[in-house]
Visitor: 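Got a structure here, written out as structure tokens. Questions coming.
Residue numbers start from 1 in every chain, and the chains themselves are labelled A, B, ... in the order their sequence lines are given, proteins ahead of strands. Just so it is clear, the model here is predicted, and its values are computed rather than measured.
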Protein chains: 2
Amino acid sequence: MKLLRNLFVIIFLFAVFVPFGNAEEKRVRWKLAMTWGPTLHPFVDTVENMADMVETMSGGNFVIRIDASNIHKSPFGVFDMVKLGQYEMGHTASYYWKGKDMSFLPLTTMPFGMTTPEQYAWFYYGGGMELMQKAYEKNGMLSFPGGNTGNQMGGWFRKEINSLDDLKGLKMRIPGFAGQVLAKLGVTVTNIPPGELYTSLERGTIDALEWVGPGMDINMGFHKIAPYYYTGWHEPATELQFLVNKKAYDKLPEKYKEILKVAMKTAAYDMYIQNYHMSANAWSTMKEKYPNIKVKTFPDEVLNAMKTSYNELLSKYKKENALFKEIMESKEAYLKKARDWTYISDYLYLKSMSDTE
Amino acid sequence: MKLLRNLFVIIFLFAVFVPFGNAEEKRVRWKLAMTWGPTLHPFVDTVENMADMVETMSGGNFVIRIDASNIHKSPFGVFDMVKLGQYEMGHTASYYWKGKDMSFLPLTTMPFGMTTPEQYAWFYYGGGMELMQKAYEKNGMLSFPGGNTGNQMGGWFRKEINSLDDLKGLKMRIPGFAGQVLAKLGVTVTNIPPGELYTSLERGTIDALEWVGPGMDINMGFHKIAPYYYTGWHEPATELQFLVNKKAYDKLPEKYKEILKVAMKTAAYDMYIQNYHMSANAWSTMKEKYPNIKVKTFPDEVLNAMKTSYNELLSKYKKENALFKEIMESKEAYLKKARDWTYISDYLYLKSMSDTE
């Protein structure tokens, strides 16, 4: 009788606890660090959408806590925090890490480069994902597209740019690689914290700045004080980035890996579409309220000089970094084919629609 | 003692059997009917990717069997089969159902309408999904974007079209609404099964035809016998469709609903990108092997006449069908805003890149 009772106790304990230990029902709690503050739309929406999809698709078992930069206090420490496993995930942009390795730069966007659908085609069908993993695997991380801003505008200028001479001595806030390109043309490139940009532009501390596009520019108010809105050249398809710690990822059950990958991919595509919507709405509002805004394209002389400056920097970095060279050559070859198609499809369609209005 | 043993038995039975009856582990087997045959890429890839994602994300518990048209023998019966619950899902295109209700037509694409990112922005952020559900809920179904072909080309022509007169008596295979638009301009619109198109074009039974774009056109071989490749006007963003039987959907556990919705959305976005890639590659190959191909845009006179013809048909259908009118007015208002943004972003970027080559 005692034996029977002990047997029941063993079966009871087994039956009660085993289901909770089942890999199918594994409970996972992750943390994600964003480079952004908690109100930077649509970037933060992308992360929240991703986490919501993961939670719902896993039946509430895989939950990702999101820490904005006001919590972790280290917007540009996201790379290292994910690498070291302090956070399982990050949401950021690959080009912030070019100081660590130049091959991280072209995984975001490049001047004179691909548009968003062209670049997604490169990532998913043209070898881009494999090259991106090659760049990140050395750091114990996986990297995935994290949302695209679409084509970024060339920036807000207080005065019109009619020639190369107008660039000489121009004080402009334009960070990163595009800033290097312009610096070679005589632009005084400055970096000013976002909170001080409006006042700097208003007081003439700077003559111009670039931000993103109408959807994210409208709340900054630059259109009220710098009426020349230049079309884009430097960030035609800025792709943000999800970083994932590889050890943490490898421990996930297969179905959670797939849930995570699909949620990141969907959230990234969605951001491209959300920002399209935000920019369409914001641009419509801006034009109506501020009819003084003038959309301008840089003169061919200026664009050609920018291209020359860009190509010089490109040659230099290709010589210095083999993986950078490999990624750029892959992007350049893909751009050529993809652009020929874009030209006869969307471009000539848009042109004929505009010509016959 | 007996009481204690009975208690153990009850706890034992409860603990063993409850986890297996848990809704979290529900096994679901669905069937999906495609309008297409089993080899029509990238359409079939989209469905397979969707089903693969659902299966993996559900840990193998939610499995969707795919029947191509060679199995169910009813390519244009997909609507009714899903409505009646013979299949839980379908993969097809909404504009095939315009004979049942004109309001199904504009949920695919419209002549002179939105490009793919513009239309996705309308679906997901501009009220499009709500209008689509309004059209389908009367039929006991849910409808979701099912993959976009991107901008379709205007077709392959044996002779150049220089004026409206060149359209008179022209024999062209161009089905659906675009065919109606051209018929008003004197085109003799014919419908010929896909398998007979090449021979018909070669023998002059028809003078022109439209298919999709380079990625799907290349295997049809039309470029070998009709060298004028016209740019698009009639299907700028053809969105395929997933149909889901509402009763079947309502029975799914919440997490499977989300898994299904996210998988459909991702697969649809992916098809847009996959077809971009296929077209970029195919166009590159075609141009190289057949340097005689001439890309043409219809003259403004012809495009303007097409627009007039289109607007006349539009007015007629708006008067006849209130939901068609509501959907079209929503699309027209959205297009205006979205196109202004497309124009100053991607369009002027592409123009300046082309001008300074």
Visitor: So which of B:Val295, B:Leu348, B:Val262, B:Thr297 has the largest heavy-atom pair count under 4.5 angstrom toward chain A?
Guide: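 Option with the greatest count: B:Val262.
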
Visitor: Cut-off 3.5 Å, side chains only: do B:Lys307 and A:Thr356 have a donor facing an acceptor?
Guide: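 Yes - a donor-acceptor pair under 3.5 Å links their side chains.
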
Visitor: Are the side chains of A:Arg339 and B:Leu350 in contact, using a 4.5 Å heavy-atom criterion?
Guide: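 Side-chain contact under 4.5 Å: yes.
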
Visitor: Are any non-hydrogen side-chain atoms of B:Asp340 and A:Trp283 less than 4.5 angstrom apart?
Guide: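 Yes - at least one pair of side-chain heavy atoms lies under 4.5 Å apart.
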
Visitor: Taking only residues two or more places apart in sequence, or in another chain, which ones meet A:Lys336 in a salt bridge (Lys or Arg N to Asp or Glu O under 4.0 Å)?
Guide: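 Result, salt bridge (Lys or Arg N to Asp or Glu O under 4.0 Å) vs A:Lys336: none returned.
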
Visitor: Taking only residues two or more places apart in sequence, or in another chain, which ones meet B:Tyr228 in a ring-ring contact (aromatic ring centres under 6.0 Å, His included)?
Guide: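 Residues passing ring-ring contact (aromatic ring centres under 6.0 Å, His included) with B:Tyr228: none at all.
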
Visitor: At a 4.5 Å cut-off on heavy atoms, which part of B:Thr116 comes close to chain A: side chain, backbone, both, or neither?
Guide: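 B:Thr116 has no heavy atom closer than 4.5 Å to chain A.
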
Visitor: Using a 4.5 angstrom heavy-atom cutoff, name the option from B:Asp355, B:Leu303, B:Ile344, B:Thr342 with the most pairs to chain A.
Guide: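 Heavy-atom pairs under 4.5 Å are most numerous for B:Ile344.
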
Visitor: Determine the option with the most heavy-atom pairs under 4.5 angstrom with chain A, choosing from B:Ser284, B:Gly215, B:Ala121, B:Ala282.
Guide: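 Greatest number of close heavy-atom pairs with chain A: B:Ala121.
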
Visitor: Would you call the rings of A:Tyr276 and B:Trp341 parallel, tilted or perpendicular if under 30° counts as parallel and over 60° as perpendicular?
Guide: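 A:Tyr276 and B:Trp341: perpendicular rings.
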
Visitor: Decide if the gap between the ring center of A:His277 and the ring center of B:Phe123 is smaller than 6.0 angstrom.
Guide: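 Judged by ring-centre distance (under 6.0 Å), A:His277 and B:Phe123 do not meet the cut-off.
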
Visitor: Should A:Asn151 and B:Tyr349 count as side-chain neighbours, where that means a heavy-atom distance under 4.5 Å?
Guide: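 Touching, per the 4.5 Å side-chain cut-off.
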
Visitor: Taking the side chain as everything from C-beta on, heavy atoms only, tell me whether B:Tyr125 gets closer than 4.5 Å to A:Asp270.
Guide: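 Contact flag for B:Tyr125/A:Asp270 side chains = yes.
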
Visitor: Quick one: of B:Gly150, B:Ala338, B:Ser279, who has the most non-hydrogen atom pairs under 4.5 Å with chain A?
Guide: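 The residue among B:Gly150, B:Ala338, B:Ser279 with the greatest pair count is B:Ser279.
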
Visitor: Please check if the number of heavy atoms outside A:Lys257 that lie under 6.0 Å from its NZ is greater than 12.
Guide: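 Above 12, so yes.
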
Visitor: Rounded to the nearest 0.5 Å, what separates atom OG1 in B:Thr266 from atom CE in A:Met264?
Guide: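 One gets 11.5 Å once the value is rounded to the nearest 0.5 Å.
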
Visitor: Out of B:Tyr120, B:Tyr124, B:Tyr269, B:Tyr272, which residue meets the ring pair (Phe, Tyr, Trp, His ring centres under 6.0 Å) rule with A:Tyr269?
Guide: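 That would be B:Tyr269.
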
